[in-house]
Amino acid sequence: MKVRKAVIPAAGLGTRMLPATKTVPKEMLPLVDKPVIQYIIEEAVNAGIEDILIITNRSKSAMDDYFDYYPELETRLNQAGKDKELSEVRRAADLANIFYVRQKETKGLGHAISRARRFVGDEPFAVLLGDDIMRSDKPVIGQLIEAAEKYDASAVGVQTVATEAISKYSSVKVSPLEERVFSVSDMNEKPTPAEMFSNYAILGRYVLTPDIFDILDRQTPGYGGEIQLTDALRTLCLQKPMVAVDFEGRRYDTGNLRGFLEATIDFSLEHPETGAWLREFLKNKSHTL
Ligand code: UTP
């Protein structure tokens, strides 16, 4: 098994980030100096992926514009000798081969993934949710690809979450294979603490085999009336090998305000242009809190 392609579902309505996301896609909100989606594309590229499909919708064309060339702007930056800005603007457009397809109706994450069938063909592929950002030494999707290739299996990225929080996620039933890698035999979406299989929750990264497409085509609406990826993954793990990777790294859900602010602060503290200044600013501020 060799994973060469990635799919980024980014067609959700982003209702938790309104009113900003009424006209600006949540994937285009700036995290320090780059839009959220760029961090996700960079993670995929750093894991060796070259072809990336973004699932969009009619209100998200700012994403395709961002990854395109912008000759007027580039000429102006060139004339003004703004080499650093010019190379950043160009770099974004040259990161990867990026393809787009629209999810014409917002019918859920599983439905969004099913739009990728033609792009993916008969190969395993990576999935990175468009609002989940990972901070890690080794790309999180790379950690999953490694395990998927080793076990010739699909893979889900997991971490433990508190029992009170499990109802926001999908819980997986696991048995250990090696350090940080488990075999998955069952899962459920947004379980109550009584229903959950374990504290391991699926967090925004997957490697899927193309078997998922036939399953998604047959999938009936689940939680919230949407075609849920977890329901299809459950069928997949009952039929074919699936592993869970307890990945090394910190995950930020930038699709909600707190996650977005946590990421903004942590990334700003690490950024060479803002880190030292922000540390000072926060120290001074803390006296007044
Ligand atoms: P979320 O539930 O986090 O995104 O979906 P959302 O629907 O935009 O969020 P809120 O609740 O309205 O704020 C998880 C992922 O699935 C994608 C989203 O873009 C996100 O990456 N998604 C969700 C789709 O692509 N299509 C859908 O129909 C639903």
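Every heavy atom of this structure was used, including side-chain atoms; hydrogens, water molecules and symmetry mates were not. For ligands, and for the atoms within them, numbers begin at 1 and follow the listed sequence.
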Proximal atoms of ligand 1 relative to [X] (non-hydrogen, under 4.0 Å):
X      : value
Gly130 : 21 (O)
Ala10  : 19 (O), 25 (O)
Gly14  : 6 (P), 8 (O), 12 (O), 13 (O)

So for ligand 1, is [X] a polar contact partner (N or O within less than 3.5 Å, distance only)?
X      : answer
Gln103 : yes
Leu13  : yes
Ile55  : no
Glu226 : no
Leu109 : no
Pro9   : yes

Exercise. Is there a heavy atom of Lys26 sitting under 4.0 angstrom from any atom of ligand 1?
Worked result: yes
For [atom], find the nearest protein heavy atom and state the residue, atom name and distance (0.1 Å precision).
atom                    : answer
atom 12 (O) of ligand 1 : Thr15 OG1, 2.6 Å
atom 25 (O) of ligand 1 : Ala11 N, 2.9 Å
atom 22 (N) of ligand 1 : Gly12 N, 3.6 Å
atom 11 (O) of ligand 1 : Arg16 NE, 3.2 Å
atom 14 (C) of ligand 1 : Leu129 CD1, 4.1 Å
atom 28 (O) of ligand 1 : Gly108 N, 2.8 Å

Problem set entry | Contacts of type side chain to side chain contact (heavy atoms under 4.5 Å, CB included), residue Pro210, not counting sequence neighbours | Asp122, Phe213
For this session: Take Glu189 and Tyr169 through the side chain to side chain donor-acceptor pair (under 3.5 Å) test and state the conclusion after the steps.
Result: CA-CA 6 Å; Glu189 169 91 22; Tyr169 303 95; over 6 Å; no
Exercise. Mind checking whether Phe267 and Tyr39 have ring centres under 6.0 Å apart?
Worked result: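 Yes, the ring centres sit under 6.0 Å apart.
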Could you tell me whether [X] and [Y] have a side-chain N and a carboxylate O separated by less than 4.0 Å?
X      : Y      : answer
Asp253 : Lys168 : no
Glu178 : Lys150 : yes
Glu123 : Lys5   : yes
Arg91  : Glu42  : yes

Exercise. So which pairs with a foot in residues 216-229 pass salt bridge (charged side-chain N to carboxylate O under 4.0 Å, His left out), sequence neighbours left out?
Worked result: Arg117-Asp217
Exercise. Is there side-chain contact between Ile40 and Arg205, with heavy atoms separated by less than 4.5 Å?
Worked result: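 Result yes, sub-4.5 Å side-chain heavy-atom pair found.
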Exercise. Between Ile227 and Gln219, what is the shortest heavy-atom contact and its length?
Worked result: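 So the two residues come closest at CD1-O, 3.4 Å.
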For this session: With heavy atoms only and a cut-off of under 4.0 Å, state how Lys107 meets ligand 1: side chain, backbone, both or neither.
Result: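 Lys107 to ligand 1: backbone contact only, side chain stays beyond 4.0 Å.
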Exercise. Using heavy atoms and a threshold below 4.0 Å, how should the contact between Ala112 and ligand 1 be classified: side chain, backbone, both, or neither?
Worked result: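 The part of Ala112 near ligand 1 is the side chain, not the backbone.
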Exercise. Hey, are Tyr69 and Asp94 close enough side-chain-wise for a donor-acceptor pair under 3.5 Å?
Worked result: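 Yes - a donor-acceptor pair under 3.5 Å links their side chains.
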